[in-house]
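Read through the structure below, which is laid out as structure tokens, and then see the notes.
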Amino acid sequence: MQLSGALFLFLFLPLSFLLALPVPRAWRPAALALLSALWYVLANWHNPWGMTLVAVLVLLTSLLALHPARKGKRAWLALGVGLPLGILVAARTVIEYTALPFVYPMGLGFLTLGAISVAVDAYRGDTERRPVPETAGYLLFFPALTMGPVLRHKDFVAAPRTVCFSLSDFCLGIRLYMAGFIKRLVAAATLYRALEQILGYADSLPLIALLFLLPFAYFFFYFFVSGSSDLARGVSAMYGVRTQDELSMLTATSPDRMLTGALGSLHAYLTDYVGTPLRRLCGRAGQPIAALATVALTVLFFRTRAELLLLALPLLLSAVLSARGAHAQRRITRILLCVLSAILCAGLMLALLFDTPFSLFSLFGAPLSESAHFLYYVFGSVSSTRYLILSTCLLVCYLIATRLAPHTKRGRSRLRTAALLAEWILLFVGFALALLYFMPQFPQYADHLAPSPLILGGA
Amino acid sequence: MENTQAKQPLLPLIFCVLFIGVVLSCSVFFLTHTFIQPSGAESEQCYDGSAIEGDSFFARFRRAVYQNESLLSFISECEYRVLNTVNSSDVLVGKEDFLFATDDPETGYSYLQDYIGKATFTEEESAAILAELQRRRAFYEQKGAEYLLVVLPNAQTVYSEYMPGYLGNIHPDTRLAVLERYLKQNGYASFVNPTEELERHKSDGVLYNNTENSLNARGLYYVYLSICSRFDNEVLQHITPISRARLSFFEHRTAGKDIARRVGLSDVVQNRTVSLSGDTQLRYRYLFNTGLCSKTVKMDYSMDQIDSPSLLLQFTGTWERSQIEPFFSNTFTTVTYQTNLEQNDAIYERATPSVVIQFLYENELSLLLPQ
């Protein structure tokens with residue numbers, strides 16, 4: 001039950017608000033935990049063993065958070081970190097190396113990170129003894145459970161939770177949700193379909209086709225990740241939990257910030273829990289090690305696929321440059337890093353669309369002499385090309401409206417209102433269009449975590 | 001931006017109310033469909049071709065959303081009318097409401113690859129077809145009949161100007177063009193390609209069904225004329241081909257045919273059906289009609305027509321057979337129609353033909369290759 005799916009939008013969302021509205025303020029964290037548990041059960045009803053495993057992990061972590069150690073803190077920390085990691089590794093091992101009929105539980109990776117966060121924050125004294133419903137509500141917090149962002153326990157505990165009674169949060173949530181819905185189901189889904197259709201001709205495409213395919217893949221990645229993030233942040237805000245802006249993937253608009261932006265919350269998480277202690281121990285080398293850990297965890301999350309190592313290069317380069325200080329500030333370095341990141345990011349997306357590793361570059365075998373006609377033919381016959389043109393027009397209108405609004409601050413208030421109105425109208429029309437026209441076109445895409453070739457084990 | 005919104009709470013509030021209204025309306029609509037399940041409200045499959053299985057509440061609800069017939073029809077219609085495209089990589093939208101198939105799932109033939117010259121016959125394949133045609137001709141000559149193969153061109157071959165512009169002109173090395181050249185080079189003449197005849201008469205009106213790769217009655221009339229023109233003068237002394245002036249065709253709109261049905265647009269893209277007008281005189285009667293084969297005899301033939309050749313026409317489908325029948329049966333004294341290309345001795349004996357004509361569509365040329 002994804003946040004962009006029909007079951008969530010038309011059933012769970014309205015019903016959950018109907019259930020949550022009458023709950024007294026004091027009971028809202030518990031209500032949120034119950035809603036999250038209900039969501040998890042509904043989303044995993046076909047996987048009882050997976051649910052049992054997750055229930056054990058949530059219960060044990062919540063009990064640990066209820067009784068933080070006064071003595072033997074290190075042993076308590078080892079237990080708090082080792083238990084979720086052990087469960088994750090065991091689940092992975094069973095899936096990868098045995099034929100047991102065990103289905104990987106949804107969101108186990110995020111749950112593991114959350115459980116570790118509970119232990120580390122309690123060990124550091126950032127959080128105090130927390131009641132079981134609150135910790136369970138944090139671990140199972142459904143808006144962030146499938147696509148992130150990775151929430152740290154101390155941030156979640158510190159966030160004001162009013163569960164849907166704050167009008168401004170609710171409006172912000174709806175705005176983010178509509179934006180995320182459009183990004184995922186209009187922009188990303190259309191780009192994905194276009195890529196899939198064009199790659200159907202892969203053995204007849206000349207290498208020059210990569211010039212078109214790489215930007216498509218890059219924008220697909222951007223809209224997919226930022227759309228998913230907006231959905232998660234929007235739903236969180238609707239339920240009264242504001243995620244921090246630094247966790248927003250929306251900010252990752254430039255390619256050099258794309259990778260760290262796309263994995264922004266994970267990066268922040270690792271910098272806090274791995275990078276900071278390492279920097280204390282190793283000095284500047286801590287940052288590259290944290291970047292390496294980000295890559296290692298990403299590879300682990302998405303199951304081993306050699307192309308994922310493409311992610312490592314710009315991340316490591318970026319980390320090394322920033323460790324060296326002033327060099328990273330040079331404009332040329334930033335531009336080069338930007339181009340490299342964009343190409344690698346897009347290359348990775350393209351590579352993941354093929355079943356077998358490294359089959360991307362072996363397929364573009366057609367001679368260059370025939371390229372012009374054939375490219376025209378391929379792009380012309382792909383029906384999604386028209387959608388791409390349409391969605392590009394809509395996107396440009398939206399960007400103009402959003403860019404215009406801040407610039408009208410100095411202007412007359414009527415102009416400001418007009419820009420704001422235009423932005424809301426475009427968002428609403430886009431949402432209605434996405435709901436009635438695009439959503440039924442992408443049943444697999446709306447209701448599932450990601451398009452099937454990109455589900456490489458799931459987080 | 002968020003600060004601006006905070007200062008103007010009314011605007012976000014209005015759109016939030018609209019959001020809630022839209023979501024709740026959809027919820028009620030889809031829930032109603034889930035519980036009531038009105039007949040014809042659910043499509044057999046989703047837009048992407050998948051189908052949602054199961055009978056649980058969630059499966060039924062998802063079907064009500066993703067297999068909603070009215071929503072899918074709305075999407076298909078919008079795509080066709082606004083974007084001029086259809087939800088299938090197997091179909092191309094042409095000009096003048098023409099729909100063209102890109103692939104033939106039955107034979108594996110690709111219309112599109114052939115059109116752009118990427119599926120042409122090799123020298124070996126052409127030689128194999130020539131050998132097969134020679135074998136057929138020898139078989140019928142041994143029985144005392146002439147043999148003629150008529151290849152009915154694809155719609156995109158005759159109406160290449162209606163194909164999407166990005167495909168350019170039809171490639172000179174299509175299968176049909178290559179085969180015709182090869183047969184001519186090797187002196188094989190029992191072969192009719194009516195493409196030029198059809199192209200010459202496009203101004204008379206539409207010759208093909210616009211939603212199916214098949215000729216209509218007007219197109220088949222010109223095929224009939226091009227076949228008649230192949231008979232030598234001795235035969236032509238005994239027959240009088242029907243002139244165009246004596247015929248009138250009736251053009252009307254019907255539900256979209258095969259290709260339109262494939263993309264769920266049979267109600268949106270209507271077929272321009274052309275048939276012989278009702279006042280056409282049918283001056284022949286059936287001697288027998290078994291479904292698989294039928295034989296007609298002309299009722300008011302004169303003594304000089306008694307020596308007109310007796311024909312055995314073999315088709316791969318029933319449509320062309322029914323549409324072409326009035327032309328041949330009103331011209332030749334006896335005509336036998338067979339709805340397959342089998343060399344059937346029983347039919348042959350009942351037909352006693354002097355000429356055997358096989359009709360094959362361009363997309364069926366691979367049937368001539370050794371299986």
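Chain A is the first sequence line, chain B the second, and so forth, proteins listed ahead of strands; every chain is numbered from 1.
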When the 4.5 angstrom heavy-atom criterion is applied to A:A432 and chain B, the contacting part is neither
Taken to the nearest 0.5 Å, the spacing of B:F58 CZ from A:L7 CG works out to 6.5 Å
Under 4.5 Å to a heavy atom of chain A? For B:F19 that would be both
OG of B:S27 to CG of A:L13, rounded to nearest 0.5 Å, is 8.5 Å
Between A:L436 and B:C26, the two heavy atoms sitting closest are CD2-SG, 4.3 Å
Between the OH atom in B:Y66 and the CZ atom in A:F442, the distance rounded to the nearest 0.5 Å is 11.5 Å
When B:I20, B:V28, B:L24 are each screened for side-chain contact (heavy atoms from CB on, under 4.5 Å) with A:P14, the one that passes is B:L24
Give me the ring orientation class for A:Y437 and B:F74: parallel if the planes are under 30° apart, tilted from 30 to 60°, perpendicular past 60°. perpendicular
The interface call for A:M178 against chain B, heavy-atom contacts under 4.5 Å, is side chain
Rounding to 0.5 Å, atoms CG (B:L18) and CG (A:L427) come to a distance of 12.5 Å
Okay, A:L435 and chain B: the region with an atom under 4.5 Å from a heavy atom over there is side chain
Q. Do B:I75 and A:F438 come within less than 4.5 Å of each other through their side chains, counting heavy atoms only?
A. no
Review point. Does any non-hydrogen side-chain atom of A:F170 lie less than 4.5 Å from one of B:L13?
Key: no
Open item on the list: As a quick check of understanding, evaluate side chain to side chain contact (heavy atoms under 4.5 Å, CB included) for B:F57 and A:L11, giving each step before the final call.
Closed with: CA-CA 12 Å; B:F57 168 75; A:L11 286 182; 3.7 Å; yes
Honestly, the part of B:L31 sitting under 4.5 Å from a heavy atom of chain A is side chain
Take the angle between the ring planes of A:F10 and B:F30 and call it parallel below 30°, perpendicular above 60°, tilted in between. tilted
Taken to the nearest 0.5 Å, the spacing of A:W424 CH2 from B:C16 SG works out to 4.5 Å
